[in-house]
Every structure is written in C-alpha cells, then in structure tokens.
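What follows is a set of notes on a single structure, which appears directly below.
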Amino acid sequence: WLRRIYLGAAVLFALTFLVEAWRGGLDLFVQRPLFVLFALVLIFLETLVRLGRVARGDHTAPMLRASPRADGDPDHFLRRSTRDNFRELFGGKIADAELEHHVARQANMGNAKMRAHGVELHDGIAVLLHGLKQRGVKLAVATAAERSNAEWTLNALGIREFFDAIVTDQDVENGKPAPDVYREAVRRLGLAANNCAAMEDSATGIRAAQGAGLRVIGVVTTHARIELEQAGADWIVNSASELDADAVIRFIEKERLETGD
C-alpha cells in the first residue's frame, strides 16, 4: 500500500510541477515552501517502501534475472538443486554466505508451511520400512532438502530411527540431479552401488540415483508415470503399498546376479 501511495503522490507531484512551471516558471520551489515539503514527503515515502522491502527480505529481488534456459520449460528449475537455481538466478555472481542465506530462508519458508499443514506418510511406506529393517536391510535418505527440514520431517513422521544415514545437498559438492548424494549415501552405508536400490518419485532423483550406479524404483506421487518412465526408472509402481520388503530385496539381488557380484 505504501508503494501505491508513493506512485500516486509522485504522479500528482509531476503534474502539479508541470502546470506551475507553465504558469509561473521554474522558481516555484523557492516561492512555495509547501511544494518543497511535498517533495520531501515523497522522498520519505520511497524510503519507507525500501525499508519495507529489506524487512521482508526482498532487497535482493532486483538482482535476480530471468533464465533464458527456463523459457518454455517450466520444469527447468525442478531438475536442478536449490543452490544451482539460485546461482543461475543471480547470474553466478553470488557469494557463498549470501547463497546460504537464501537457501536457508527458502528452507525456513518450507518448514513453516509443513508445520502449518502437517506431513503424512504415503500409503505403504511404514509397512515397507518395518519389513526391510526386520530383514537387516540398511537404509539411507539421499535428499535435496536442507538437513534441518529432512530431520524435522523424518522425526515428525516417526521414521527417523529406520535410517542408518541421512545425506543432503549440504553434505556434497553438487545436489541432484548430480549423483553425489547417492554416492555419499552408499559410502556411508559401507556398500557397493550394485548392492543397493533407490526409491524415487521424480525424474531428477531417478537420474541422480542412476548416475551413482543404482537401480531405481519409481513411485508415482506428484510426478506422472510417463515422467518416471522417460527418466529411466527400472521399476515403476503407482503406490508404495504395491511394494513389500521381499520384492525389494529380490529387485536388489537381481542386479547382483546380472553383474555377477
């Protein structure tokens, strides 16, 4: 609302200035102190607008630039890590400290939304995790989420105890779709990639897992089945409830048989 007031006042000021200049010359600022006061009010309003933008964390917005590669491709940023997206939007000219500030701010916004609306497990996940853990299968999370959000979500869902390792973008040099998070997860589990499988619901995650040498089970959630197929998922299910621990183990063992390990 401050910006609307400011713009309206600026237009009024400009029109009045032109009219007075036409009538009496450009010495009106000297002759009419009220006009000077009006100009000072405009400057004050603009200052308030700028301070409001800074308080909201919007002060860097003018520095952002459109991405030519995103034109005509609405999923461009969905296929990249949060940090890579910010680097692109800032034209690569952003200090590490400022980058982390923006990433943390986005993570906090996401966390606030999750706390407000709550989180819940997809059908079949709890049963599958219990079954795999009972059979001695090691489990890890390899996620593009910030660590604070990943930990909060797992604890809120009551499944943190099932995982032997949690790897986020913060733990590796490159986030998804680069394979770094999966390579690090496999390393922390102390296993070979062909002794592991990934469960993913996005094309970005599928590419990351396959790049690390894992076979992938694609689960249809927010992304269409065709997207998972095009990304190259080895096995696609419409819901995690279609999976059971024994089937997942057979899926992993098939890879071992095919590679001879």
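All residue numbers refer to positions in the sequence shown, counting from 1.
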**Request:** Could you tell me which non-hydrogen atom of Val172 sits nearest to which non-hydrogen atom of Asn174, and how far apart they are?
**Result:** CG2-O, 3.3 Å
**Asked** Once you round to the nearest 0.5 Å, how far does OG of Ser148 lie from CD of Gln170?
**Response** 7.0 Å
**Prompt:** From Thr153 OG1 over to Glu146 CD, what is the distance, rounded to the nearest 0.5 angstrom?
**Reply:** 12.0 Å
**Asked** What pair of heavy atoms forms the shortest contact from Leu228 to Ala203, and how long is it?
**Response** CD2-N, 4.3 Å
**Prompt:** Can you find a heavy atom in the side chain of Leu214 that is under 4.5 Å from one in the side chain of Gln210?
**Reply:** no
**Asked** Can you name the nearest heavy-atom pair linking Ile206 to Ala231, along with the distance?
**Response** CG2-O, 3.6 Å
**Item:** Summary of ring pair (Phe, Tyr, Trp, His ring centres under 6.0 Å) pairs that have at least one residue in residues 230-250, sequence neighbours excluded
**Value:** Trp235-Phe251
**Prompt:** When rounded to the nearest 0.5 angstrom, what distance separates CZ in Arg215 from SG in Cys196?
**Reply:** 12.5 Å
**Request:** Evaluate the side-chain proximity of Val216 to Met199: yes if any heavy-atom separation is below 4.5 Å, no if none is.
**Result:** no
**Asked** Say you draw a straight line from CD of Glu120 to CD1 of Ile125; how long is it, rounded to the nearest 0.5 Å?
**Response** 12.0 Å
**Shared hydrophobic cluster, Phe162 / Leu157 (ILVMFWY, side-chain heavy atoms < 4.5 Å)** = yes
**Message:** Can you see whether Asp123 engages Ser241 through a side-chain donor-acceptor pair at a distance of less than 3.5 angstrom?
**Reply:** no
**Prompt:** At their closest point, which heavy atom of Asp169 faces which heavy atom of Lys176, and how far apart are they?
**Reply:** OD1-N, 3.9 Å
**Complete:** Heavy atoms of Phe163 and Leu154 approach each other most closely as CE1-CD2, 4.0 Å
**Message:** Hydrophobic cluster membership, with links at side-chain heavy-atom distances under 4.5 Å among I/L/V/M/F/W/Y: are Leu121 and Leu243 in one?
**Reply:** yes
**Prompt:** Would you say the side-chain atoms of Ser239 pair up with the backbone N or O of Glu242, donor to acceptor, closer than 3.5 Å?
**Reply:** no
**Message:** Taking the side chain as everything from C-beta on, heavy atoms only, tell me whether Val237 gets closer than 4.5 Å to Val220.
**Reply:** no
**Request:** Taking the side chain as every heavy atom from C-beta outward, state whether Ile217 and Asp234 have any pair of such atoms under 4.5 Å apart.
**Result:** no
**Request:** Find the distance between CG (Leu189) and CG (Asp164) and round it off to the nearest 0.5 Å.
**Result:** 6.0 Å
**Asked** Does the distance from a Lys or Arg side-chain N to an Asp or Glu carboxylate O, for Arg187 and Asp180, drop under 4.0 Å?
**Response** no
**Message:** Within the structure provided, determine whether Lys133 and Val137 are in side-chain contact (heavy-atom separation under 4.5 Å).
**Reply:** no
**Message:** Just verifying a value: how many Å separate Ile252 CD1 and Leu132 CG, rounded to the nearest 0.5 Å?
**Reply:** 7.5 Å
**Request:** Starting from the C-alpha separation in whole Å, work towards a yes-or-no answer on side-chain contact (heavy atoms from CB on, under 4.5 Å) for Arg135 and Ile249.
**Result:** CA-CA 9 Å; Arg135 289 160 177 76; Ile249 292 172; 3.6 Å; yes
**Under 3.5 Å donor-acceptor, Arg188 side chain and Ile166 backbone** = yes
**Asked** Cluster question for you: counting only ILVMFWY and a side-chain heavy-atom cut-off of under 4.5 Å, with indirect links fine, are Ile159 and Leu139 together?
**Response** yes
**Message:** Walk me through whether His122 and Thr221 qualify under side-chain contact (heavy atoms from CB on, under 4.5 Å).
**Reply:** CA-CA 9 Å; His122 286 289; Thr221 56; 3.8 Å; yes
**Request:** Please report the shortest heavy-atom distance between Val181 and Val167, naming the atom on each side.
**Result:** O-CG1, 3.7 Å
